Amino acid sequence: MTSTASAGPDTVADPRALLTDGKQLIGGQWVSAAGGETIDVINPATGDVLGRVPRSGTADIDAAVRAAADAFPGWRDTSPVIRASLLRRWAELCRSHIDEIDLLERMEVGHPRWGPSPVPAVIEYPAGIADKITGQTLPSASPDVLGMTLREPYGVCGSIIPWNVPGPIFVTDVAPAIAVGNTIVVKPAEDAPLTCLLLARLALEAGIPPGVVNVVTGYGAEAGAALPLHPLVRRMSFTGSPETGSAIMAACARNLIPLHVELGGKAPQIVLSDADLSRAVPVIVGSITLNTGQVCAAGSRVLVPSAMRSSLVEALASRFASVRVGPWYEDVQMGPLISARQERRVLGYLDIGVQEGAEVVTGGHKLSGEKYDKGFFVEPTIFDRVTPDMRIAQEEIFGPVLSVLSFDSEDEAVEIANGTRYGLNACVWTSDVGRAVRLARRIQAGQVTINGFGSRGVIGAPWGGYKHSGFGRTMSAESVLDYTQIKTVVINA
Ligand code: NAI
Ligand code: MG
């Protein structure tokens with residue numbers, strides 16, 4: 001592929017050598033878009049072109065869905081033991097290429113090294129379930145009748161995914177779908193499609209048959225919009241913004257197919273008066289600077305008792321000031337935003353916060369200087385004196401922008417925490433078990449973590465939203481079953 005960007009000090013070989021420039025995977029073949037056009041993929045730290053991917057449209061989606069439909073009967077009828085072992089081989093191949101997968105994702109998303117990628121484990125979890133899925137035998141009113149249920153795959157699944165953590169999100173949809181015998185067409189985001197193409201290549205190399213995993217690249221309005229409308233697609237999943245999720249849901253309604261959606265959040269981090277601040281502060285800072293705030297789970301609101309506000313803000317500010325920002329190939333904690341468009345969005349919210357009367361404690365600007373000028377760098381920013389009605393307290397910014405709100409009672413904390421359209425995840429910092437239990441129950445979110453961020457250390461934790469954060473769950477045993485439909489079989493003697 002075009003090699004204008006430096007891979008930096010990494011010792012890993014350039015992972016783009018594993019891709020075919022300008023091609024996508026349909027039915028086991030690396031092909032161009034029917035229209036022949038391509039989209040440039042940009043290194044967000046420098047603006048350089050990393051490579052090109054096909055600019056697909058309806059015809060390419062149609063070709064991929066047909067390839068997936070052709071592959072479906074054979075894959076459905078493959079022994080689940082074999083399917084499981086092919087998935088495990090895929091996971092092993094990912095493990096042996098983990099540095100290339102990781103580097104490619106960092107190049108196109110712009111994030112620093114995070115440590116071991118979860119990709120292999122995300123494939124292995126549903127692989128372990130694939131050959132253990134059972135139906136039921138049903139009670140019968142007569143000895144002459146036998147009733148049972150079978151769990152069967154849907155057929156062709158469609159998946160539209162975002163650019164922020166493409167590797168893990170790709171396998172989160174693909175692995176459970178194919179583990180239970182579905183085939184799939186994935187439309188990655190135009191801003192970061194390369195990691196998905198590499199993972200699909202490794203699936204093919206692992207022996208997963210052609211057509212089981214297809215990747216069609218392109219813009220949302222062109223390639224993406226055609227997928228949920230295709231008559232051979234039997235189930236959809238989507239991760240991204242509520243606006244696009246709503247459009248995809250409308251398309252699924254026209255096509256009468258089910259979907260699950262994950263649509264972001266505005267996660268509250270509730271710091272109670274008995275919290276251990278020395279533990280909480282670094283985690284809060286990490287949870288809003290992780291991936292430059294471009295994660296659906298980002299801990300973007302801190303809720304603090306009025307009496308503790310100034311001391312907590314001071315502690316957060318000194319930690320924010322020490323966050324190392326720079327290109328992903330240097331030893332930094334935070335990279336650039338993904339694109340000029342995302343930078344405009346975040347800078348827009350920095351203006352909105354000031355206009356709304358919030359107080360900038362630290363940050364608040366685009367970063368400038370030789371290291372930053374060609375990329376999309378903004379300062380990690382804290383807004384203090386934020387009130388619940390402000391847009392910076394309500395809307396998902398998807399940048400390293402933390403809003404601090406204060407409360408005077410536990411009830412008020414819960415009201416503020418629940419007072420947005422979102423309900424994806426929340427954190428509570430307290431040393432009082434009773435308060436932890438009460439708040440865990442009262443917060444409207446798909447995941448509540450006490451004294452931490454996320455579900456690290458827990459295996460198979462369901463992930464998904466309440467309210468406008470979406471519906472359906474990923475990453476768990478239930479979500480593997482969610483890729484099956486139930487058939488009742490009745491046998492009369
Ligand atoms: P988006 O939701 O528009 O894009 C996500 C995916 O949907 C991409 O693959 C895109 O090509 C596709 N898409 C866009 N329009 C489509 C359409 N009409 N039909 C079918 N597919 C379509 O998100 P975008 O525009 O990249 O980012 C805007 C905001 O959305 C972000 O600032 C952030 O707040 C939120 N977002 C949330 C994510 C999450 O993890 N929940 C991920 C990405 C964005
Ligand atoms: Mg969009």
Side-chain angles (χ1 to χ4, degrees), residues 24 39 41-42 44 53-58 61 108-109 158-170 172-173 185-196 215-230 233 236-255 259-267 290-298 300 337-349 376 378 391-392 394-401 420-425 446 463-465 467-472 474-475:
Q24 60 193 353
I39 299 171
V41 182
I42 301 298
V53 295
R55 176 176 174 177
S56 300
T58 309
I61 288 289
E108 60 177 346
V109 177
S159 163
I160 297 179
I161 67 174
W163 40 262
N164 54 338
V165 255
I169 297 180
F170 180 84
T172 294
D173 274 358
V185 175
V186 180
K187 207 298 281 176
E190 53 274 29
D191 287 319
L194 302 177
T195 312
C196 300
V215 178
V216 178
T217 57
Y219 294 114
E222 298 174 357
L227 187 55
L229 287 173
H230 196 289
V233 171
M236 274 301 298
S237 59
F238 172 72
T239 306
S241 62
E243 292 69 29
T244 301
S246 175
I248 289 172
M249 202 170 159
C252 290
R254 274 176 63 191
N255 206 9
L259 93 154
H260 83 248
V261 292
E262 202 265 78
L263 306 173
K266 193 72 185 173
L290 175 71
N291 211 19
T292 321
Q294 302 166 119
V295 282
C296 47
S300 51
L337 294 161
I338 183 86
S339 62
R341 185 171 69 108
Q342 196 61 25
E343 184 185 87
R344 278 196 299 278
R345 177 188 172 103
V346 173
L347 294 176
Y349 275 106
F376 314 118
V378 295
R391 287 182 63 190
I392 56 167
Q394 289 291 331
E395 299 174 15
E396 183 179 56
I397 297 173
F398 234 54
V401 183
T420 75
R421 70 192 294 207
Y422 291 108
L424 188 58
N425 60 308
W463 175 251
K467 304 195 292 184
H468 284 191
S469 290
F471 45 81
T474 58
M475 300 192 200

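Bear in mind that the values here come from a model prediction, so they are computed numbers and not experimental data. Whatever order the structure lists ligands and atoms in, that order sets their numbers, starting from 1.
- Contact atoms of ligand 1 toward N164: 40 (O), 42 (C) (distance under 4.0 Å to a heavy atom of the residue).
- N164 and V295 make their closest contact through ND2-CA, 3.8 Å (heavy atoms, listed as atom of the first residue, atom of the second, distance).
- No hydrogens or angles considered: nothing links the side chains of Q394 and T420 as a donor-acceptor pair under 3.5 Å.
- With hydrogens and angles disregarded, a donor-acceptor distance shorter than 3.5 Å links the side chain of N255 to the backbone of P228.
- Contacts between A251 and ligand 1 below 4.0 angstrom, taking non-hydrogen atoms only, are absent altogether.
- A distance below 6.0 Å separates the ring centres of W163 and F398.
- In terms of polar-atom proximity, P162 is not counted as a contact of ligand 1, lacking any N or O under 3.5 Å from an N or O of the ligand.
- Atoms of ligand 1 found under 4.0 Å from any heavy atom of I160 (numbered from 1 in listed order, with element): 6 (C), 7 (O), 9 (O), 12 (C), 20 (C), 21 (N).
- Interface of G224 with ligand 1, defined as ligand atoms under 4.0 Å from a residue heavy atom, comprises 19 (N), 20 (C), 21 (N).
- Checking Y349, F398, Y422 against atom 31 (C) of ligand 1, the nearest heavy atom belongs to F398.
- Across every non-hydrogen atom of H260 and F471, the tightest pair is CB-O, 3.5 Å.
- Residue contacts with ligand 1: W163 is placed with a nitrogen or oxygen under 3.5 Å of a nitrogen or oxygen of the ligand (distance criterion only).
- The closest approach between Q294 and ligand 1 stays at or above 4.0 Å for every heavy atom of the residue.
- Looking at ligand 1, you'll find an N or O of E396 within less than 3.5 Å of one of its N or O atoms.
- Note that CD1 of I42 and CZ of F376 are 7.0 Å apart. Values are rounded to the nearest 0.5 Å.
- Of the polar atoms of Y219, none of the N or O atoms is found under 3.5 Å from an N or O of ligand 1, judged by distance alone.
- Atoms of ligand 1 lying under 4.0 Å from any heavy atom of P188, numbered from 1 in the order shown and given with element: 9 (O).
- Those atoms of ligand 1 with a heavy atom of I248 less than 4.0 angstrom away are 20 (C), 21 (N).
- Contact annotation: for E243 versus ligand 1, there are no heavy atoms closer than 4.0 Å.
- At least one N or O atom of I161, backbone or side chain, sits closer than 3.5 Å to an N or O atom of ligand 1.
- Nearest-heavy-atom check against atom 23 (O) of ligand 1 across P193, G220, S241, G465 picks out S241.
- Looking only at distances, no side-chain donor or acceptor of T292 sits under 3.5 Å from a matching main-chain atom of L337.
- No N or O atom of F238 sits closer than 3.5 Å to an N or O atom of ligand 1.
- At a heavy-atom distance under 4.0 Å, only side-chain atoms of R345, from C-beta outward, approach ligand 1.
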| said: Using salt bridge (charged side-chain N to carboxylate O under 4.0 Å, His left out), reason through E222 and R55 one step at a time and then give a plain yes or no. | reply: CA-CA 8 Å; E222 298 174 357; R55 176 176 174 177; 2.7 Å; yes

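- Listed by number with element, the atoms of ligand 1 under 4.0 angstrom from any heavy atom of A225 are 19 (N), 20 (C).
- Judged by distance alone, the side chains of T195 and E108 do bring a donor and an acceptor atom under 3.5 Å apart.
- Under the 3.5 Å distance criterion, with hydrogens and angles disregarded, no donor-acceptor pair is assigned to the side chains of E396 and S300.
- In the vicinity of G264, heavy-atom distances shorter than 4.0 Å reach the ligand 1 atoms 41 (N).
- Closest approach of E243 and R421 over heavy atoms only: OE2-NH1, 3.5 Å.
- One N or O on the side chain of T217 and one on the backbone of P54 form a donor-acceptor pair closer than 3.5 Å.
- The proximity of A189 to ligand 1, defined as any non-hydrogen pair under 4.0 Å, involves the side chain as well as the backbone.
- Distances from atom 25 (O) of ligand 1 to the heavy atoms of K266, E190, R341, E262 show the closest one on R341.
- Every atom of ligand 1 with a heavy atom of C296 under 4.0 Å away is listed here by number and element: 39 (C), 40 (O), 41 (N).
- The backbone N or O of S159 lies less than 3.5 Å from no partner atom in the side chain of D173, so there is not a single donor-acceptor pair.
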